[in-house]
There are 2 protein chains.
Amino acid sequence: MDSKQADLAGVARLIGEPARAAMLDALLSGRALAAGELGRVGGVSPATASEHLARLRDGGLVEVVAAGRHRYYRLAGPEVAHALEALALVSPRRPVRSLRQSRVAAALAIARTCYDHLAGQLGVALHDALVDRDALAAGGDGYRLTEAGAQLMAGLGVDVAAAAAARRAFARPCLDFTERRPHLAGALGAALCARLLADGWLVRVAADQRGLRITPRGRRALATYFGVRLPDPRASTAGAPDG
Amino acid sequence: MDSKQADLAGVARLIGEPARAAMLDALLSGRALAAGELGRVGGVSPATASEHLARLRDGGLVEVVAAGRHRYYRLAGPEVAHALEALALVSPRRPVRSLRQSRVAAALAIARTCYDHLAGQLGVALHDALVDRDALAAGGDGYRLTEAGAQLMAGLGVDVAAAAAARRAFARPCLDFTERRPHLAGALGAALCARLLADGWLVRVAADQRGLRITPRGRRALATYFGVRLPDPRASTAGAPDG
DNA sequence: CGGATCCTTCGGCGCCGGCCGAAGCATGGC
DNA sequence: GCCATGCTTCGGCCGGCGCCGAAGGATCCG
């Protein structure tokens, strides 16, 4: 335990600027984006974008990786994504302006990435299915995989050993900011998401970096492996969030 | 699912101001504090404090309850506390300045409240003990109480039925920002914390609203009921956080 | 009812920081 | 080598907001 104290205001100040918040939101897709593209996302000039990104970098919120004459930025880690989601959870909603925005929001509600794992109705449904089937059990820093869970993951081709060896937490619930119920995060959640994308069960929607579309094949597979059928017609009013 | 989008920047901007951040930090004790006291905490005049509190109120981060000529402010809910803790988790640490600050920080690291439940080494140890003893199991929006867990809580005099009936989540892990491992949050966590305070196992430390001291009686009881012995001499380097 | 306490609103000051254009520095293509 | 592209740094403008003192309203006390 180092005897220091956190600088709450500093980090919040970094996020609390519309252009930077838009950039961070875009980076919640888990992908690394070029500085210029992030500037466009934030609606500012390249010069301003560069300043913002430098600040975010100094604040430890993003990392940069140089590639040719492009510089790609990504979130500095899962805990940054977690903080952003937690903030979104308490943010007042403001009305959408266009039909297009409404369509995008509806699509995001069904399936999207939360940093590098699955969120939205799909993410929550998968989480619940894994818990209900006793594939996940309480233990360690969140969840541990049961014998049944290990077999299920092996059947899907998820590299559980690699996930267990990662320096980050293995499996952890992450409160979904649209569903207000947990979905699966951590190394296992990321590995599962990657696998489902690689297998063509899910594809990224070009319109929004975070959006996912479930392919027909994925729909069948989700029903077979997890008993999950989406979109779920049940009412969206679920349990209240909690800290 | 309402088709709206969250205003990430707005909320972060509210938190990202030193005086307001200090106020919110003080409110993380879970108590309601008067406007004047919060002004002193933030190091600003009553006038400025009032402005800040009005903004926080409009932003939905705090609630106010009038009592005589005092107006007491408290966090608007558990999800606000959760967002603050998540932010603290990614905040860079800055060196403490005085010996006094160092002592306070060390005390906070051992036992403190996180909004209305237990955090610090004590909170994490209790969480781990409950999971290890199969008092808590994965289920619902986080944890459910097993039969053994229900008996344990009953023995302590914790009103589990009331906690289960609360509108908030029943039991949920909350990532501790000093330990970087989960402690127990949710209605059950709050009920447990309240019970331990009421029974005199823990007392609040006047120097810092969030700080807790374990009484000699509490120390014995914690060992008896949970097998928990603090301060724990094991190294503080634990698993990395995750979103 | 008059004074004390607590809080809020108002007016005005000052500064931080977000913005851009222009210039500087890399990299890549030809 | 020369130019185009992508990004960053620099200088300067300007608006927002954080700050306070003073004034006003509410509550409690004697």
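Per chain, numbering begins at 1; letters A, B, ... match sequence-line order.
- The pair A:D176-A:R112 meets the salt-bridge criterion, since a charged nitrogen lies less than 4.0 angstrom from a carboxylate oxygen.
- One N or O on the side chain of B:S29 and one on the backbone of B:A26 form a donor-acceptor pair closer than 3.5 Å.
- Distance check: B:W201 CH2 to B:I214 CD1 gives 11.0 Å after rounding to the nearest 0.5 Å.
- Residue B:Y72 places none of its side-chain N or O atoms closer than 4.0 Å to OP1 or OP2 of C:dC6.
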Under 4.0 Å protein heavy-atom contact, by nucleotide of nucleotides 15-24 of chain D - B base, S sugar-phosphate only = --SSBBBB--
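- Between B:E51 and B:R57 there is no salt bridge, since no side-chain N of the basic residue sits under 4.0 Å from a carboxylate O of the acidic one.
- At a threshold of 4.0 angstrom between heavy atoms, the contacts of B:A54 with the nucleic acid are absent.
- In terms of modelled atom types and a separation under 3.5 Å, the side chain of A:T178 and the main chain of A:A109 share no donor-acceptor contact.
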What nitrogen or oxygen pairs link the protein and nucleotides 24-30 of chain C at under 3.5 Å?
none

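- Partners of A:R195 by salt bridge (Lys or Arg N to Asp or Glu O under 4.0 Å), not counting sequence neighbours, listed by chain and number: A:D199.
- For the OP1/OP2 pair of D:dT8 and a distance below 4.0 Å, the side-chain nitrogens and oxygens of A:R71 include at least one atom meeting the criterion.
- For the pair A:L53 CG and C:dG18 P, the computed distance is 13 Å after rounding to whole Å.
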Step-by-step salt bridge (Lys or Arg N to Asp or Glu O under 4.0 Å) determination, B:E85 to B:R210 = CA-CA 13 Å; B:E85 289 269 330; B:R210 297 172 68 183; 3.3 Å; yes
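- As rounded to whole Å, 12 Å separates atom C1' of D:dC7 from atom CE of A:M23.
- Within the 4.0 Å cut-off from OP1 or OP2 of D:dT27, not a single side-chain nitrogen or oxygen of B:H70 is found.
- Applying the 4.0 Å criterion to OP1 and OP2 of C:dC6, one finds that B:Y73 has every side-chain N and O outside that range.
- Defined by atom type and a distance below 3.5 Å, a donor-acceptor pair is missing between the side-chain atoms of A:T113 and A:R31.
- Remark: aromatic rings of B:H127 and B:H117 are distant, center separation not under 6.0 Å.
- Distance, B:L33 CG to C:dC7 C1': 15 Å, rounded to whole Å.
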